[in-house]
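Residue numbering restarts at 1 for every chain, and letters A, B, ... go by the order of the sequence lines. Just so it is clear, the values below take in all heavy atoms, side chains as well, and ignore hydrogens, waters and symmetry mates. Everything numeric here is computed off the predicted structure, so don't read it as measured data.
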Amino acid sequence: MRLTVNGRHHDLPPSPAVTLLELLRDRLSLTGTKLVCDRGECGACTVQLDGEIVYSCLTLAEACDGSSVLTVEGLSSGGADSALSPLQRAFIAKDAAQCGFCTPGQLIAAHTLLANNPAPTDEEIRAGMSGNLCRCGTYPNILAAIRAVAEGEFEAAPAAGATRAS
Amino acid sequence: MPRKSKTAAKPGGFVSTTVEIEGRTETRIVEMPAFEPAAWGDDAELGIVGSRVPRMDAPERVTGRARYTADITRPGMLYAFILRSTIPRGTIRSIDLTRASKMPGVFDVLGPGDAPAGTRLFNREIFYAGQPVAAVCAENENAARNAAHAIAVEYDALPFAVTFEDASAKNAPRVRAKGNVMENAPLVMSRGDIDDGIKAADVIVRREYRTPVQLHTALEPHGAAAEWEGDRLTVWESTQGIFRVRGDIAKALDIALSKVRVIKDYMGGGFGAKNSAGPHTYVAAIFAKRQGRAVRCINDREAEQLDSGNRPSSTQRVTIGAKKDGTLTVIFASIDVPLGISGYEGGPGQIFHEMYACPNVRTEETFAYVNASGMAAFRGPGYVEGAFGLECAMNTLAKGLKLDPIALRKKNFTKREPRQDRPYSGNNLLACYKEGAEAFGWLTENRKPTTENSKRVGKGVAAQVWPTGGGPPAYALLRINPDGTIDVLAGTQDLGTGARTVLSQIAAESIGAKLSDVRAIIGDTESLPYTGNSWGSMTTASVGPAVRMAAEDAQHQLFEAAAAMLDSSPSSLEARDSRIIVRDTDRSMTFAEVTKKLGNVMIMGKGSRGPNPADTAIMTFGAQFAEVEVDIDTGIVRVLRFTAAHDAGRIINPTLAESQLEGGIIQGIGYALFEERILDRKRGLVMNPTMHDYKIPTMADIPVIDAFFVSGADPVANHTGARGIAEPPIIPTAPAIAAAVSDAIGVEMTEIPLTPWRVLAALKKARAGR
Ligand code: FES
Ligand code: FES
């Protein structure tokens, strides 16, 4: 089967009974996407599949043949902080990740929300993000981060290292 | 830097000090540090400490680069799955492991008698549903799980008790061999005389309050990966206490501490449930030894919700009385707590003795063992449950006295910690009431409950204390690399709290470095000095001072070296932004210029946490305010606004600290409105071990939260002036919300969570009684 993940093409052996999440984590070593409930209840495993968000724990890998997947690893264009996406920089600036375990799923959900609705109201953000649980309670900061990106606060790329205070 | 010792004991000597952990007081013999830095008081001129720098490891967390335990892979690694009992009490009549061991991909199987006695694993006697009975090790997780479910177990069931009532009944089945009630007697704490207090009261409130079992539900489950190299074991574990886990493993497997290394890098939340090694740890280590390969064992969600600790439920019969002017005369509570099969982390009673000035206070707490998974500390253990009873009763009393609930609390403010009659290191609770009430608009904003539609609005308040002094032992090292960058080494852990950032800030401030030059290295027992568990809101106040001392020690050495190069004396030097300046001159050198000249001659500072001030209560305080809307047709409660004002001494990083406040409040909203483990009394099984049926708050449930700190360093507590903040914010949330709901619908709510059916039932009962 063929799969494009974060812009990279993969030719993979058939993998019946393997979820997209297992494929990403175990076969492609993309461990940014997390397993939490394994049954579509928490959103930690959220990835984008052909532009739509899916719970990768509930998605069969075989059903994704020919599709294109975006994971948290695909949001930044490299390793350096300067290559972080506006949303990632907003998450840092607004302290929207405490333990960070829900964060990859939150980022993909937020990224997709903004792609479909570039100027969401707070109510639309709350409704759109309510499929992604966070036990550390970062919701107010995630909301602030999404709102800030929608308002263009993080459009320009910062100078390298600017996410770290000096 | 001024150096002074704050106690008479001489440096290097040993003294006795007390440390309060999760409300328990422990006495420890500790070494006096070689010197103690002068305390940072309110007037200390600090630039990096107290500033809102972003979480330093956030880039790793937002890119997926942060590695958690389930992300650890090792060459040739195998995977383990634990099979758990499906009955609450009985014995295993037979267990057949052969079929499982022959299934594809299976390497090894463990059952009764196969684990070292020290692990207490795979007992034939079953004490609760969810108890480990066997484990499988296979080439992948699915193979291990499938094989485990192919193990045939036959049980001889025995009578069981899963509720307090059933376990404490006259002819109750034996839950544990030593008896069903802890210590076979209630725990009694008392001051004054209850009868005197009742006689002296003008108004008395008597109520029964109930709180549910709350599950930690950290998104990252418990888990470990283990690998042996000869007789040395390395374990990657998601834990709040690497040294404690190291000790647990060494003891259970009977190996030397020096042969066990525990590593914890990133961690996806703990909230009190990850304080020790567990079945997953031992299973990984045993299989890894038997197979000569690394083994990873991660709880699945069902195991996590079923058997990884919980906040026990409580029933609290509270009597509280006051004079007409609001002066409390009596507080009495008789409390029942079913602990599960094991565990005790202090009870709901203590806060009744500590929150208010009242001459007559008594609590009688009975802790029963029941046939359910054991409890574990959960953010503010005991105080969260106790605050619900105490603060609900206070709000009802205020109503009875026709007093404002904040006025009633102010009236009973205590200037000394009343349980042990000690002075406070600092106490700004009155400022929390004042600034919180102002920010919320407690007196000015009165949205009158409407009667036009089904929505009713109400407001409520509650307060909190929590012992947060931290204490020794905790050690830190600081080394300056030849390029002038700085490593802070401390064997602590960052659960998502921001410890890495906060410790880096303290180090940078103390040594005079740029924050970007500093890196905190934590989470490895082999290479880092000891610190205790990250529990009891202790890390900043315990490890922070050790880091500060290490930084000052290193700065002292750096100045010695630089003085010769700058043709000056150490006492004329100061440091800022990684530059050493000769005071009142334009001569200076960067740290890197100095260390480059030193080459590999390394400057290393050493720090340790000194003793706590004697006979002093070190506590964090707070007041919270809620506005809710209740739909009286559906029973649905929505929190509309929430304000929280807390006093935790100096705040090292307000942004991260406010995140902790919000996190605690949001868990408190869950506790107040949704969260409740449901245990079937007839079958002894948990009915909702999933995240769908055990509901934690979502973003849609969370109102605008205004959470902040009142100002004021606490130089008496320790020389950084900081106290702990992780647990306090969850303590008063539920009673504040319950008060708001009671205010909205005019019916007193005495049991949480305030689910729609519970609200509707209360409304119905009230209507029927009218
Ligand atoms: S892990 Fe997929 S929704 Fe929870
Ligand atoms: S940041 Fe910890 S679960 Fe969301």
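The main-chain N or O of B/P697 is found under 3.5 Å from a side-chain atom of A/Y139 such that the two form a donor-acceptor pair. Formation of a donor-acceptor pair under 3.5 Å by the A/R135 side chain with backbone atoms of B/H216 is found in this model. No side-chain donor-acceptor contact under 3.5 Å links B/R55 to the backbone of A/I92.
In this structure, the separation between CZ on A/R39 and CG on B/D300 is 10.0 Å, given to the nearest 0.5 Å. For the atom pair NZ (B/K695) and CD (A/E41), the distance works out to 8.5 Å, reported to the nearest 0.5 Å. In this structure, A/C136 SG and B/E662 CD are separated by 12.5 Å, a value rounded to the nearest 0.5 Å.
A 6.0 Å sphere centred on CZ of B/R67 holds no more than 12 heavy atoms belonging to other residues, nucleotides or ligands. When the shell of 6.0 Å around CZ of B/R638 is examined, it contains 12 or fewer heavy atoms from other residues, nucleotides or ligands. Within 6.0 Å of atom NE2 in B/H692, 12 or fewer heavy atoms from other residues, nucleotides or ligands are found, so the atom counts as exposed in its surroundings.
Both the backbone and the side chain of A/L143 come within less than 4.5 Å of a heavy atom in chain B. Looking at B/Y266, there are no atoms closer than 4.5 Å to chain A (heavy atoms on both sides), in backbone or side chain. B/S51 does not touch chain A: none of its heavy atoms, backbone or side chain, sits under 4.5 Å away. Proximity to chain B is absent for every atom of A/E123, based on heavy atoms less than 4.5 angstrom apart. The part of B/L495 that comes within reach of chain A is its backbone (N, CA, C, O), which places non-hydrogen atoms under 4.5 angstrom from that chain. For B/D517, no part lies under 4.5 angstrom from a heavy atom of chain A. For chain A, the nearby parts of B/A700 are the backbone and the side chain; heavy atoms of each come within less than 4.5 Å. Contacts between B/A70 and chain A at a heavy-atom distance below 4.5 Å involve backbone atoms as well as side-chain atoms. Both the backbone and the side chain of B/L656 come within contact range of chain A, with heavy atoms under 4.5 Å apart. B/R52 does not touch chain A: none of its heavy atoms, backbone or side chain, sits under 4.5 Å away. There is no contact between A/L30 and chain B, counting heavy-atom distances below 4.5 Å. Contacts of A/K94 with chain B are absent, with no heavy-atom separation under 4.5 Å from either backbone or side chain.
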Practice item. Could you walk me through whether B/R301 and A/V36 pass side chain to side chain contact (heavy atoms under 4.5 Å, CB included), step by step? Key: CA-CA 7 Å; B/R301 184 48 51 180; A/V36 169; 3.5 Å; yes
Check your understanding: Could you walk me through whether B/S659 and A/N141 pass the side chain to side chain contact (heavy atoms under 4.5 Å, CB included) check?
Key -> CA-CA 8 Å; B/S659 289; A/N141 295 354; 3.1 Å; yes
Review point. Could you walk me through whether A/R25 and B/D71 pass the side chain to side chain contact (heavy atoms under 4.5 Å, CB included) check?
Key: CA-CA 8 Å; A/R25 286 181 55 86; B/D71 304 332; 2.8 Å; yes
Practice item. Kindly determine whether B/M699 and A/N132 satisfy side chain to side chain contact (heavy atoms under 4.5 Å, CB included), including the steps that lead there. Key: CA-CA 8 Å; B/M699 191 188 279; A/N132 288 75; over 6 Å; no
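Residue with the most contacts toward chain B among A/P104, A/A127, A/A97: A/A97 (heavy-atom pairs, distance under 4.5 Å). The choice from A/D122, A/I142, A/I125, A/D95 that makes the most heavy-atom pairs within less than 4.5 Å of chain B is A/D95. With chain B as the partner, the residue from A/G131, A/G32, A/P140 showing the most heavy-atom pairs under 4.5 Å is A/P140. When B/G670, B/A513, B/S578, B/G663 are compared by the number of non-hydrogen pairs under 4.5 Å with chain A, B/G663 comes out ahead. When the candidates A/E73, A/R126, A/Q98 are compared by the number of heavy-atom contacts under 4.5 Å with chain B, A/Q98 comes out ahead. Between chain A and the options B/E658, B/E302, B/Q305, B/M267, heavy-atom pairs under 4.5 Å are most frequent for B/M267. Top candidate by heavy-atom pairs under 4.5 Å with chain A, chosen from B/I666, B/T698, B/V704, B/T73, is B/T698.
The shortest side-chain heavy-atom distance between B/L219 and A/K34 does not fall under the 4.5 Å cut-off.
Chain B is approached within less than 4.5 Å, heavy atom to heavy atom, by no residue from residues 51-62 of chain A.
Among A/L107, A/V72, A/L84, A/T103, the one residue that satisfies the side-chain contact (heavy atoms from CB on, under 4.5 Å) test with B/T63 is A/L84.
At a cut-off of 3.5 Å, with distance as the only test, no side-chain donor of B/N140 or A/E22 sits close to an acceptor on the other residue.
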